[in-house]
Amino acid sequence: MSNAYDHTAIETRWRKHWEETALFRVANPGEPGFDAKRPKYYVLDMFPYPSGSGLHVGHLVGYVGTDVVARKKRMEGCNVLHPMGWDAFGLPAEQHAIATGRQPRDANAVNTANYRRQLKLVGLSYDWSREIDTSDPRYYKWTQWIFKRLYERGLAYQAEVPVWWCEELKTVLANEEVINGRSERGNHPCVRRPLKQWMLKITAYAERLLADLDGIDWPESIKTQQREWIGKSEGAEVEFGVEGSADRLVVFTTRPDTLWGATFMVVAPEHALLARVPASHRAAVDAYVAAAAAKSELERTDLAKEKTGVFTGLYAHNPAFEPGDPRGRVPIWTADYVMAGYGTGAIMAVPGHDERDHEFATRFALPILEVVRPPAGEKGLADGVCFSGDGVAVNSGPIEGLATAAAKQKAIELLAARGVGKARVTYKLRDWLFSRQRYWGEPFPLLHLPDGRIVVVDDAALPVELPAMDDFKPAGDGSAPLARAKHWVEIRDAHGALAARRDTDTMPGWAGSCWYWLRFMDPANASAPWSHAAETYWGPVDLYVGGAAHAVMHLLYARFWHKVLFDLGLVHTKEPFQRLFNQGLLTAFAYQDATGRLVPNADVEDRDGKYFKRGSGEELTQIVTKMAKQLGNVVNPDDIVAEHGADTLRLYELFMGPLADSKPWNTRDISGSRRFVERVWRLVVDPDSRDALRPHLAVDQARAELSGDALELEKQLHRAIARVDASFGSFNFNTAIAALMTFVNEASKRPQALTRSQAERFVLVLSPFAPHVAEELWARFGHERSLAYEPWPAVDARFLEDDTIEIPVQVLGKLRGKVVVPKGAAEAEIVAAARAAVPTWLEGKTVVKTIVVPAKLVNFVVR
RNA sequence: GCGGACGUGGCGAAAUUGGCAGACGCGCGAGACUUAGGAUCUCGUGCCGCAAGGCGUGGGGGUUCGAGUCCCCCCGUCCGCACCA
């Protein structure tokens, strides 16, 4: 038998061993083998949707990171819940199935098998007995069950609302799935269209979704994004009268103090008041409304364009003034810079103190009044500039002279006293559009009765299974594919009469991921989504790792569902994910020609660090960008594992840089990680012998006091372990691996001094990062059991310090020498030694000040 | 435009509270062992300079004995949001 490092043999052996012994399986409370004395740790990855192209090395960054955490936590004595599953329903999976001409169910089976294989290949220590698939009826039964709970609480409703419709995808999309008027998936154009849809009342939880962000350990950037998305703003609702009518025009404003400066009103083109437009202005308004409706959202929201609008012929009366006071008579315009869906869809325009109103007033020559005087030194209307900050109220009757904050308060009181206004809080957050006219999703557990009533399907009749359909493609007219499954849709009574029709929409891809972390706690439960005992033990997720791309959608939806479940008494925490961490994006090199066009990697030639296009010989520029299939810069982990091994891949992924950073993959650099693994191997094993271990490691040395090189290595080892421990604080495992490399370098210089105990502890510390080779070496030390649950080696502070300290000596802040002094040397002694170390720099000078930082440095200030 | 993150050698990156800038690795150079080397080992490697020394953390100012780190201004990159009244 060869004793050379053979990654394929080693990794295959240990993969098999872990699988056969179900080593990473963790018991639930009440199950055999459950140890209640151990603390729990739930570390979760954002589960993937299994695409047809498989995993690339970028997907693995986060998974390797959480695996390292999970493995260390086990060694620290925790019961570790570390599961994996598949977010299988949804648009991308369905689009892929259509593109490849397969049934989504079949494609999913193939894809998940491939993902599972790849994840196992990398040695990720998931408890595979907990694997879940959101498209499995045993799973989505409970997604439907939870939907029912939302429905019963009045949090799900049907409404005819203007929604995003994507002609290419033949479905409606949520606001969050449309970016600049194009679908997030596939970049297809989308238009607004009124359609009857299922909505979830996430707005009812807006305040709690906002407030509870304060108690969780999440990146500030994600919290900020969620806060902005929820978009709370405090202000007032004000009722304006409409001249010649009993109608009231209600507006929302954050600046009720500027009421005295309102010189016109603007309503959105969709506003109901436009039905009242007099005949004299009807044609112009209708034309404007039609034009606005025809515009794409991109055109409407383009900030660069000039504001447009038309006068409606209507006048409003500003409640700040007495009826009949001409200052209170203001024209009502309609313009598309006012959004129908926010506030009341109407505004009071205060052109003196709002940039947008100012621009509009300037364009249409409407009057501009100053009602807020800016603080001294700031420019205001007197300088021809619109001032929108805080100042002092002027020209404002009863609130004259008040500072903005007080003026707002007083204005609201005055309006409230007269019954024409009140304080109001508004959120940008809209209710969540929850239905899709697509096939590959959870059917709604709802029945439409002939009399128009809607009833829920009995819990006992769940799941409502998705019927098999040969042709599941979206219909050209936008109707749901499920509507074509007649036998499934129509429910007949014993006499064959139509008793009810099933709802034919399906839930969006986000549904399954709104509660999956809970199912992982008790995945096989057939009588409940999870048991109380499992949830109270495992919840909440201690560490949740995934891409920042999910900052708003998934993480907001998931928090929303979790809070509903909390209100139902089904979970015991307000928040699902105590700590969130975003791993950085893995980028890769790509090549650009002179025109900036990207050239696929296959067409690029490397000549002495310069890059040329194959064939034409055109010189190319190397850039760093996302991995993308079209650019041919996607790296498949299968290839890396085959050539270098999973341990090397894991080490390289972590060694590149901090987990949170974006960083470029560079295949050239992998060899450093591979060499490290081989150096570790040779430190313990002699490749030229047939022995399991190097002879001096094969026997236990006497427990004599360490001295000489062995003592030095002991210190080095404790330093390395301390640095590894520290790296878990902010997941900069690159420094952990650097520490391990440093130890191996030191040990390789004195191979005979390394003790068996040191080598064993080193292998344990290495194991979270490179588990296969660590297991192999551990076994060679004669251990029969895996190291996965061995205690994590402790750092002894005594070994972190030396007897002597090297202290840098500066003159005028510049390094001029170094001295070695005994630990704990007196200050005078240190200064004397320091002076002696830099004689030429002190010669002929006067030392005016000596700065001594104990054990750190000495700095002489000279003149 | 607003909000957030960031900018350090040829490359990926290190650097408790302000205290030796560039750890660790890639690449590169020299040497050793070799029939050979995409193996291994040793030494070197921020820039300028023969050297003494000087200069260096995007640019400019400041605070300090001392600044990658703190403050002000500017430039650039990436990521969100985008007329939200």
Side-chain angles (χ1 to χ4, degrees), chain A residues 4 179-180 219-225 227-229 231 233 235 251-255 258 266 300-305 307 335-339 341-350 353-357 359-360 388 426-430 548-549 551-552 582 584-585 587 589 609 622 624 651-652 655-658 660-673 675-676 678-679 682 687 723 726 729 732 734-742 744-745 748-749 806-818 840 848-851 853 855-862:
Chain A
I179 296 158
N180 289 336
E220 214 41 56
S221 63
I222 302 283
K223 288 190 185 184
T224 302
Q225 283 185 55
R227 286 190 189 107
E228 285 176 359
W229 190 263
S233 68
V251 300
F252 172 73
T253 177
T254 55
R255 292 298 297 270
T258 62
V266 184
R300 266 186 78 161
T301 58
D302 183 2
L303 280 169
K305 70 147 205 233
K307 289 200 169 25
D336 65 5
Y337 81 90
V338 171
M339 307 285 118
Y342 182 75
T344 61
I347 62 158
M348 64 177 207
V350 184
H353 306 287
D354 181 283
E355 296 284 353
R356 298 150 302 185
D357 298 344
E359 191 189 330
F360 193 82
S388 57
T426 296
Y427 300 90
K428 284 192 218 171
L429 184 70
R430 318 286 169 83
V552 178
N582 297 124
L585 200 71
T587 51
F589 292 123
Q622 187 181 61
V624 164
L651 287 166
Y652 176 61
F655 187 61
M656 276 191 284
D661 290 8
S662 283
K663 55 231 161 203
W665 176 275
N666 189 349
T667 299
R668 185 188 74 184
D669 291 347
I670 296 173
S671 54
S673 298
R675 279 178 206 152
F676 168 63
E678 296 205 30
R679 281 164 74 90
R682 287 197 307 269
R723 289 182 64 192
N732 48 347
N734 53 325
T735 63
I737 293 165
L740 296 174
M741 287 174 167
T742 303
V744 171
N745 291 346
S748 299
K749 284 182 201 159
E806 189 184 59
I807 294 179
V809 183
Q810 297 182 341
V811 177
L812 285 173
K814 301 206 178 204
L815 182 71
R816 297 303 180 191
K818 292 178 184 185
T840 57
V848 293
K849 196 172 177 186
T850 304
I851 289 138
V853 183
K856 279 283 183 191
L857 64 53
V858 178
N859 186 15
F860 294 111
V861 184
V862 298

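Worth saying up front: this structure is predicted, and the values here are computed from it rather than measured. To find a chain, count down the sequence lines: A is the first, B the second, and so on, and within it residues start at 1.
- Separation of the P atoms belonging to B/A32 and B/G49 is 29 Å when rounded to the nearest angstrom.
- When the side-chain nitrogen and oxygen atoms of A/S662 are compared with OP1 and OP2 of B/C79, none of them lie within a distance under 4.0 Å.
- OP1 or OP2 of B/C20 has not a single side-chain nitrogen or oxygen of A/K814 nearer than 4.0 Å.
- Listed by chain and number, the residues in a side-chain contact (heavy atoms from CB on, under 4.5 Å) with A/T426 are A/S233, A/F252, A/Y342, A/R424 (sequence neighbours excluded).
- The side chain of A/Y337 places no N or O atom within less than 4.0 Å of a non-bridging phosphate oxygen (OP1 or OP2) of B/A85.
- Taking the C1' atom of each, B/U64 and B/U69 are spaced 13 Å apart, rounded to whole Å.
- Taking atom C1' on both nucleotides, B/G9 is separated from B/U45 by 10 Å, rounded to a whole Å.
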N/O to N/O distances under 3.5 Å, protein versus nucleotides 6-9 of chain B:
none

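- Taking the side chain to side chain donor-acceptor pair (under 3.5 Å) definition, one finds that A/N745 meets it with A/R679, sequence neighbours left out.
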Distances under 3.5 Å between protein N/O atoms and the N/O atoms of nucleotides 44-50 of chain B, please, pair by pair.
none

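- Comparing B/G44 with B/U34, their C1' atoms are spaced 23 Å from each other, to the whole Å.
- Partners of A/F360 by ring pair (Phe, Tyr, Trp, His ring centres under 6.0 Å), not counting sequence neighbours, listed by chain and number: A/F264, A/W333, A/Y337, A/F364.
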For nucleotides 23-28 of chain B, tabulate all protein N/O to nucleotide N/O atom pairs closer than 3.5 Å, reporting atom names and distance.
from, atom 1, to, atom 2, distance (Å)
B/G25, OP1, A/N745, ND2, 2.9
B/C26, OP1, A/R675, NH1, 2.5
B/C26, O2', A/R668, NE, 3.0
B/C26, O2', A/D669, OD1, 2.4
B/C26, O2, A/R668, NH2, 3.4
B/G27, OP2, A/R675, NH1, 3.3

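- Listed by chain and residue number, nothing satisfies the side chain to side chain donor-acceptor pair (under 3.5 Å) test with A/Q225 (two or more places apart in sequence, or in another chain).
- Under the side-chain contact (heavy atoms from CB on, under 4.5 Å) criterion, A/A739 pairs with A/A720, A/R723, not counting sequence neighbours.
- With salt bridges taken as basic N to acidic carboxylate O contacts below 4.0 Å, none links A/K223 and A/E228.
- The salt bridge (Lys or Arg N to Asp or Glu O under 4.0 Å) check on A/K749 picks up A/E746, with sequence neighbours excluded.
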Discussion item. Could you write out RNA chain B as dot-bracket? Rules: Watson-Crick or G-U wobble, both distances under 3.5 Å, brackets [ ] for crossings, | for pairs with another strand, dot for unpaired.
Written reply: (((((((..(((......[....)))((((((.......))))))(((....)))..(((((..]....))))))))))))....
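- Taking the P atoms as reference points, B/G58 lies 14 Å from B/G12, given to the whole Å.
- By the side chain to side chain donor-acceptor pair (under 3.5 Å) test, A/N859 is found to be paired with no residue, residues two or more places apart in sequence or in another chain being considered.
- No hydrogens or angles were tested; on distance alone, a donor-acceptor pair under 3.5 Å links the side chain of A/K307 to the base of B/C83.
- Nucleotides B/C43 and B/U8, compared at atom C1', are 26 Å apart to the nearest Å.
- With A/Y652 contributing its side chain and A/G672 its backbone, the two residues share no donor-acceptor pair below 3.5 Å.
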Item to complete: Let me see the working for A/V862 and A/V848 under side chain to side chain contact (heavy atoms under 4.5 Å, CB included), right down to the final yes or no.
Response: CA-CA 5 Å; A/V862 298; A/V848 293; over 6 Å; no
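- Taking only distance into account, the side chain of A/K849 never meets the base of B/C65 through a donor-acceptor pair shorter than 3.5 Å.
- Counting only distance, with no hydrogens or angles, the side chain of A/K856 and the backbone of A/P808 share no donor-acceptor pair below 3.5 Å.
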What nitrogen or oxygen pairs link the protein and nucleotides 30-32 of chain B at under 3.5 Å?
none

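- Nucleotides B/G68 and B/U63 place their P atoms 16 Å apart, quoted to the nearest Å.
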